[in-house]
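First the proteins, then the strands, lettered A, B, ... as listed; each starts at 1. Worth saying up front: this structure is predicted, and the values here are computed from it rather than measured.
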4 protein chains.
Amino acid sequence: MPTQPPVALKPRKTPSQSRSRVTVDAIFEATIQVLLSQGMGELTTTVVAERAGVSVGTMYQYFPNKQALVYALNERFLTMLAERVEATCAQMQGRPIAEAAEALIDTYWAVKTERVELTQALYRSVAGLESDALLHAFAARVDRATTQMFRQASNSPLPDESALNLLLTTVIYGAVRNAFERGLDGEEISALKSELKAMCRAYLTSVGE
Amino acid sequence: MPTQPPVALKPRKTPSQSRSRVTVDAIFEATIQVLLSQGMGELTTTVVAERAGVSVGTMYQYFPNKQALVYALNERFLTMLAERVEATCAQMQGRPIAEAAEALIDTYWAVKTERVELTQALYRSVAGLESDALLHAFAARVDRATTQMFRQASNSPLPDESALNLLLTTVIYGAVRNAFERGLDGEEISALKSELKAMCRAYLTSVGE
Amino acid sequence: MPTQPPVALKPRKTPSQSRSRVTVDAIFEATIQVLLSQGMGELTTTVVAERAGVSVGTMYQYFPNKQALVYALNERFLTMLAERVEATCAQMQGRPIAEAAEALIDTYWAVKTERVELTQALYRSVAGLESDALLHAFAARVDRATTQMFRQASNSPLPDESALNLLLTTVIYGAVRNAFERGLDGEEISALKSELKAMCRAYLTSVGE
Amino acid sequence: MPTQPPVALKPRKTPSQSRSRVTVDAIFEATIQVLLSQGMGELTTTVVAERAGVSVGTMYQYFPNKQALVYALNERFLTMLAERVEATCAQMQGRPIAEAAEALIDTYWAVKTERVELTQALYRSVAGLESDALLHAFAARVDRATTQMFRQASNSPLPDESALNLLLTTVIYGAVRNAFERGLDGEEISALKSELKAMCRAYLTSVGE
DNA sequence: CATGAATGAGAGTTCATTCAT
DNA sequence: GATGAATGAACTCTCATTCAT
C-alpha cells in the first residue's frame with residue numbers, strides 16, 4: 001500500500017456512470033492537449049476546463065484539485081503501460097531469456113514511439129508532484145511481472161533473478177528514456193534499438209555459460 | 001546553434017568582480033538549499049533572496065528573472081559535470097575501450113552519489129523550463145569528449161564510432177539516472193553498478209572480435 | 001410595518017402536508033447540527049441537504065435560497081421563545097410586579113440553559129443576515145406581552161409602564177445574553193441569576209414606594 | 001495567555017515605521033467604511049484594498065489573511081474601549097461604589113453613542129470569527145480594572161467583590177448593548193440610561209446596609 | 001548600486017443556484 | 001415532485017517584478 005500523498009490526489013468518485021466517463025475523458029484529453037501545446041506552466045484549471053468544454057466547477061466535481069488531475073493522468077498512463085508490460089510478460093512466459101528481454105525493449109520502445117511528446121510531457125508534469133508513491137507503486141507492479149518472466153524463462157539464469165531483473169529493467173527503461181530525450185532521427189534510433197538488444201544478448205550469453 | 005529561449009535566461013553580466021562572485025554564489029547556494037528543503041514549488045524569489053542574505057532587488061541585478069536563475073544553476077551543474085567527464089576522457093585516452101566505458105560509469109556514478117538529492121532536484125527544476133537548448137548543448141559537448149575517447153582507444157572498435165558512442169552513453173546515462181531514481185539501498189546499488197560494467201564489457205567483447 | 005428584506009426570506013409554501021413537514025423539519029434539524037458542529041462558515045447548502053437526507057433541489061423546493069433557510073430557522077426559534085414569554089406573562093397576570101420580573105428572568109434563563117450552544121450559534125447565524133425586520137418584529141411581539149403583564153400587575157407601578165417595561169426587558173435580555181456569553185461555571189451563573197433578580201426587586205421597591 | 005486562534009490572525013509585522021502606519025490605518029479605515037456601508041457580506045479583500053487606495057498585495061503585506069484584518073480591527077477597538085474603561089476606573093478610585101457604577105455606565109454609553117453603527121458592525125464582523133480568545137482576553141482585562149475599582153470604593157461592599165463585579169458588569173454591558181440594538185430615539189434612550197443608573201443604585205443601597 | 005514595499009494580473013478554488021432527466 | 005451534475009461568477013491569496021528611496 002503506497003503512502004498517501006499529502007494532498008488528495010485521487011478522483012473524488014469513481015467515474016462509473018457513462019455520463020461521468022465522457023466528462024472525465026474530455027478533461028483528460030484536454031489536459032493532454034494543453035500539456036502538449038503549452039506545457040505544464042500554462043496548464044491552468046480554466047484553460048483545461050475550457051478546452052474540455054466543461055466548467056471549472058465540473059472539473060472540481062471529479063478532481064479535488066489541479067494536482068490530482070495531473071496525478072490521475074499520470075496514473076492512467078502508467079496503468080496502461082503496466083498492462084502492456086504484463087501482457088508482454090505473459091506472452092513471453094517460458095521463452096529464452098534473451099528473447100524476453102528483447103520483447104521488453106520492443107514494448108517500451110513501442111509505447112514511447114506511439115506518443116513521444118506525451119510521454120515527455122508526462123515526465124515533466126509529474127516532476128512538480130508528490131509522485132514518488134505513484135512511481136514506486138508502478139515500478140513494483142512492473143517489476144513483479146518482469147521478475148516472474150525472467151525466472152520462468154526456458155534457460156533459467158543465475159540464482160539471483162531479482163538482481164538480474166534490476167539490471168535489465170534499469171538498463172532498458174533508462175536507455176529507452178534517454179534515447180528519446182535526445183532528438184534522434186529515425187535511422188539513428190532504430191540502430192540504437194538493435195544495439196541495445198545486442199548488448200542485452202551479449203550480457204546474458206556471458207553470464208549464462 | 002541552439003534556439004534561443006523565449007525570455008532571457010542568462011545572467012546580465014559575467015560575475016567577474018569578486019564582490020559579485022560572492023553574491024552570485026550565495027544566491028546559487030540559497031537556491032540549492034531551498035530546492036532541497038522545500039522543492040521547486042516553494043522556490044520563490046523572496047525566499048531565495050532571504051536565504052542568500054540579499055534583497056530581491058539585488059537578485060534581479062544578477063538574474064533578469066527567476067527562470068534565468070534556475071537555468072544558470074543548471075548550467076553551472078552541467079558544466080561541472082561536463083568538465084569531469086572531459087577529465088575522465090583525457091585520462092582514459094588510449095586505454096582499452098572497456099576500461100574507458102567503466103571509467104565513464106564511475107564518473108557519472110560518483111557525481112550522482114555525491115549529491116543524490118541535488119541532481120534529483122535539478123532534474124525537477126529544469127522540467128518547467130525551456131531548457132532543451134541547454135541540455136542539447138551539454139549533450140553535444142560531452143559526446144564530443146566521449147566519442148574521441150572511444151575513437152582513440154587502444155583497441156579501436158567498429159567503423160562507426162559515433163554509433164558506438166551513442167549506445168554506450170545512452171545506456172550509461174540512462175541506467176545511472178534510473179538506478180538512482182529507484183530508492184535502492186547501498187548493497188543493491190553497488191551490485192547494480194558492477195553488473196552494468198559487466199554488461200558493457202560483454203557487449204564490447206562481442207562486437208570486438 | 002418592518003421593511004422587507006432585499007431577497008425573499010420566507011418559505012415558498014406553508015408546510016401543511018405531513019410529508020413536507022417531515023422534510024422541512026429534517027432540513028431544520030440538519031441546519032442546526034451543522035451550525036453547532038461546524039459553524040456558519042461551513043453551512044453550505046450541499047452539506048445541509050446531505051445531512052438532512054434530501055437533495056439540494058428538494059431544499060430549494062422549500063426555501064428559495066440559503067438566507068431564507070437561516071432566516072426561517074431563526075424565526076422558528078424566536079417564535080418559540082415568544083410563545084414561552086407569552087405563556088409566562090399569561091400565567092403571571094395580576095401578580096406582584098417583582099414576581100413577574102423574576103418569572104421573566106426564569107423563562108429567558110431556562111431557554112438559554114436548555115440550548116446554550118444553539119442560541120449562541122443562532123446569534124451568529126443571524127449576524128450576516130438582513131434580519132433587523134425579524135428581530136424588531138420579535139421584540140415588538142414580546143414587548144406587547146410583557147408590557148401588559150407589568151401594567152396589570154397587582155401593585156401597579158409608575159405612570160409610564162412602557163418606560164418601565166423598556167428598562168426591565170433591556171436589563172433582563174441584555175444581562176442574560178451577556179451572562180451566557182462569558183463561559184461561567186454552574187455556581188457563578190446561578191449566583192448571578194439570584195443577584196439579577198435581587199437587583200430588579202430592589203429597583204422596583206425603590207420606585208414603588 | 002489566551003489560546004492561539006487556528007489560523008494566523010495577527011498582523012505579520014508591527015506597524016512601527018510611519019509609512020506602514022499610514023497604510024495600515026488606511027486599510028483599517030477602509031474596512032470600517034465597507035463594514036458600515038455594505039456589511040460583512042460585501043467585505044471582500046479587493047473592495048477594502050480599493051477603498052484604502054492600496055493594492056491587494058499591500059494588504060497582504062500587513063495582514064496574513066482577511067480574517068486577520070477583521071480580527072485586528074476588533075482588537076484595536078476593544079483595546080481602545082479597555083483603555084477608556086481603565087481610565088474611568090483610575091479616576092473613580094476610592095469614590096462611593098454607586099458613583100463608580102454610574103461612571104462605568106457613562107463610559108460605555110459614551111463609546112456606543114459616539115459610533116453606534118460601528119460597534120454594531122463590529123459585533124457582526126466578529127460573529128464569523130474564531131474570536132473567543134480575543135473577547136475573553138478583553139473581558140479579563142476590563143474585569144481586572146472594574147473589580148479593583150469596586151474593591152477600593154469608599155463604601156466597601158460585600159465580602160465577595162468579584163461576584164458583585166460580575167453582576168454589575170453583566171447588567172451594564174448587556175443592557176447597554178441591548179439598548180442600542182433596539183432602534184430607540186434620543187428621549188427614550190436617555191430616560192433608559194437614568195433608570196439603569198437608578199437600578200444599580202437601588203441594588204447597591206439594598207445590599208449595602 | 002542596494003533595498004524591500006508596493007504592485008496587480010492571474011491562479012486555484014468554492015458554492016449558491018439551476019434545470020434536464 | 002425529486003434529483004444532483006453542471007454552472008460560473010466571485011472570492012481569497014500568491015509572487016515575479018518594479019522603482020522610489
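- Residues D:Ser55 and A:Gly57 both approach DNA chain E. Their nearest nucleotides, taken by heavy-atom distance, put D:Ser55 toward the 5′ side.
- In this structure, the CD atom of D:Gln61 is 17 Å from the P atom of F:dT17, given to the nearest Å.
- What separates CG of C:Leu69 from C1' of E:dC15 is a distance of 15 Å, to the nearest Å.
- We find that CD of B:Glu50 is positioned 14 Å from C1' of F:dC15, with the value rounded to whole Å.
- Surrounding CD of B:Glu50 are at most 12 heavy atoms belonging to other residues, nucleotides or ligands under 6.0 Å away.
- Look at E:dA2: its Watson-Crick or wobble partner, with both distances under 3.5 angstrom, is F:dT21.
- Between D:Thr45 and F:dC11, a side-chain N or O to OP1/OP2 separation shorter than 4.0 Å is absent.
- Each of E:dT7, F:dT7, F:dA5 was ranked by its minimum atom distance to the side chain of A:Tyr62; first place goes to F:dA5.
- Screening D:Arg51, D:Glu117, D:Glu42 against D:Ser37 for a side-chain hydrogen bond (donor to acceptor under 3.5 Å, both in side chains) leaves a single residue, D:Arg51.
- C:Tyr123 has its ring centre no less than 6.0 Å from the ring centre of C:Phe77.
- Residue C:Asn65 contributes atom CG, which lies 9 Å from atom P of E:dT18 at whole-angstrom precision.
- Computed from coordinates, the D:Phe63 CZ to E:dA5 C1' distance equals 15 Å when rounded to whole Å.
- Between E:dA5, E:dT18, E:dA2, one nucleotide has an atom nearer to the side chain of B:Val56 than all others, and that is E:dA5.
- The main-chain N or O of D:Val47 is found under 3.5 Å from a side-chain atom of D:Thr44 such that the two form a donor-acceptor pair.
- Rounded to whole Å, atom P of F:dC13 lies 12 Å from atom CG of D:Leu43.
- Heavy-atom distances to DNA chain E give each of B:Thr58 and C:Glu42 a nearest nucleotide, and the one nearer the 5′ end belongs to B:Thr58.
- Atom pair C:Tyr60:OH and F:dA6:P shows a separation of 18 Å (rounding to whole Å applied).
- Two residues, B:Lys66 and C:Val54, neighbour DNA chain F, and the one matched to the more 5' nucleotide by heavy-atom proximity is C:Val54.
- Checked by atom type, the side-chain pair A:Thr23/A:Ser20 shows no donor-acceptor distance below 3.5 Å.
- Of the residues near DNA chain F, D:Thr44 and C:Thr23, the one whose nearest nucleotide (by heavy atom distance) lies more toward the 5' end is C:Thr23.
- The distance between atom CD of B:Gln38 and atom P of F:dT14, rounded to the nearest whole Å, is 15 Å.
- Spacing of C1' atoms, E:dC1 relative to F:dT21, comes out at 13 Å, to the nearest Å.
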